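All of these numbers come straight from a predicted model, not from anything done at the bench.
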Amino acid sequence: MSSTQMLKGILDGCLLALIAEEELYGYELATKLAAYGFSDISEGTIYPLLMRMQKLGWIEATHRVSPSGPKRKYYTVTPDGRTELAAFTTRWQKLSASVQHILKEES
Amino acid sequence: MQTLSSASVRFLADLKLYLLASGKNEQATQDIVTELENHLQEAEADGKSTDAITGASPADYMKSIASEMTTDYRESFAILLQIFTGVFCYLLFQDLLDGPLAYSLYFLIGFIVLISLFLIALSQLFRYSATHADSKRRFVWFGLYGSLTFLLLIGLFFTDPLVPSPMIHFSWWSSWLIGLFAFLFTVYTAYRAKTWILPLGLLAYLLPQVVIRFGFDGSPLLAVLVGYLFATSTMTGLFFYETNFKKSQHTEG
């Protein structure tokens with residue numbers, strides 16, 4: 001299984017965590033993801049996910065003129081998004097601990 | 001602001017076409033296209049290619065965007081109504097020049113069915129065209145569908161007197177009233193869509209015919225031909241004018 005396939009299910013949570021830290025627009029989000037090591041996924045992948053998270057009410061978008069010129073869409077996390085982030089964090093910690101446990105036993 | 005590469009410009013145009021042909025809301029479509037345009041501009045300034053954003057398959061990427069957007073049936077219906085009225089207006093005014101309106105049920109139903117089938121096929125073709133940008137086959141499909149609809153419409157006109165079906169007759173007054181409403185509706189939809197191609201094309205089609213037929217006592221066939229030439233050149237000219245005008249406004253903005 002490629003790391004892209006493994007990532008698909010957890011990208012939502014990662015995006016939520018990044019937006020929860022500070023208000024971000026699409027390109028900033030993509031570069032931040034790449035900086036954290038998610039360079040395998042194509043940058044555009046984030047947009048369908050952002051659209052879905054907006055529909056679910058986890059994030060909100062505001063259009064604002066950026067310091068460098070063009071109008072941009074900035075994303076912020078809503079209270080529902082924070083609840084989802086907390087749930088994701090718990091799910092991930094459990095999953096990660098289980099995987100770590102198996103890998104340690106095997107090695 | 002940095003200019004986008006031709007690959008990115010084409011991708012954005014294809015995405016817009018695909019989403020609109022899939023019945024997505026125009027404002028929501030413009031939002032995501034603008035957002036991706038801004039992204040591509042920054043990405044290209046950082047030396048990245050269009051593929052780095054869309055992945056290996058732009059077609060799959062377009063589908064993934066479309067799947068997250070709701071289909072706007074109200075807007076799709078408004079567009080359909082606009083096209084129907086637009087096409088029907090030409091027919092209606094042409095008939096008004098010959099006298100009070102009268103249509104058979106066979107013709108009215110046949111017309112609605114044919115135009116509906118054509119529009120459904122056209123929407124599928126636009127989606128195919130947007131996701132197969134390099135395929136030459138898409139031009140063949142457009143040509144085939146266009147010719148087939150045209151032939152079927154001609155068939156409808158010719159078979160109309162042969163097929164027994166109830167006739168709906170309108171008086172002079174009601175005919176002109178229908179004409180007036182149809183024209184006002186065309187002007188209203190043109191105002192809303194911010195494009196004057198249809199009402200101006202309609203005037204360019206009809207006015208020369210009125211002058212030739214009633215001013216110079218010319219034959220109806222000659223009048224139709226001259227009207228057709230006027231309408232085609234007016235609409236082509238307006239199309240290029242509006243496209244360039246919008247493009248220059250976009251570049252300035």
Colleague: Under a 4.5 Å heavy-atom cut-off, does chain A meet the side chain of B:Ala43, its backbone, both or neither?
Modeller: both
Colleague: Does the side chain of B:Glu42 reach to within under 4.5 Å of the side chain of A:Arg72, using non-hydrogen atoms?
Modeller: yes
Colleague: Taking atom OH of B:Tyr90 as the centre, does the number of heavy atoms from other residues, nucleotides or ligands within less than 6.0 Å exceed 12?
Modeller: yes
Colleague: Are more than 12 heavy atoms, taken from residues, nucleotides or ligands other than B:Phe185, located less than 6.0 Å from that residue's CZ atom?
Modeller: yes
Colleague: Below 4.5 Å from any heavy atom of chain B, which atoms of A:Ala61 appear? Answer side chain, backbone, both or neither.
Modeller: neither
Colleague: Take A:Tyr27 and B:Asp46 through the test side-chain contact (heavy atoms from CB on, under 4.5 Å) and record every step on the way to the result.
Modeller: CA-CA 11 Å; A:Tyr27 190 70; B:Asp46 286 345; 2.4 Å; yes
Colleague: Drop me the distance from B:Glu35's CD to A:Leu50's CG, to the nearest 0.5 angstrom.
Modeller: 7.0 Å
Colleague: Taking atom CD of B:Glu26 as the centre, does the number of heavy atoms from other residues, nucleotides or ligands within less than 6.0 Å exceed 12?
Modeller: no
Colleague: Do you know which of B:Ala56, B:Ala52, B:Gly55 has the most heavy-atom pairs with chain A at a distance under 4.5 angstrom?
Modeller: B:Ala52
Colleague: Any chance you could measure A:Lys73, atom NZ, to B:Ile32, atom CD1, to the nearest 0.5 Å?
Modeller: 6.0 Å
Colleague: Can you confirm whether more than 12 heavy atoms, excluding those of B:Phe230, are under 6.0 Å from its CZ atom?
Modeller: no
Colleague: Under the ring pair (Phe, Tyr, Trp, His ring centres under 6.0 Å) rule, collect the residues that match up with B:Tyr61, sequence neighbours excluded.
Modeller: none
Colleague: Given a strict heavy-atom distance threshold of 4.5 Å, which part of B:Ser64 is in contact with chain A: side chain, backbone, both, or neither?
Modeller: both
Colleague: State which residues pass ring pair (Phe, Tyr, Trp, His ring centres under 6.0 Å) with A:Tyr47; sequence neighbours excluded, sorted by chain then number.
Modeller: B:His39
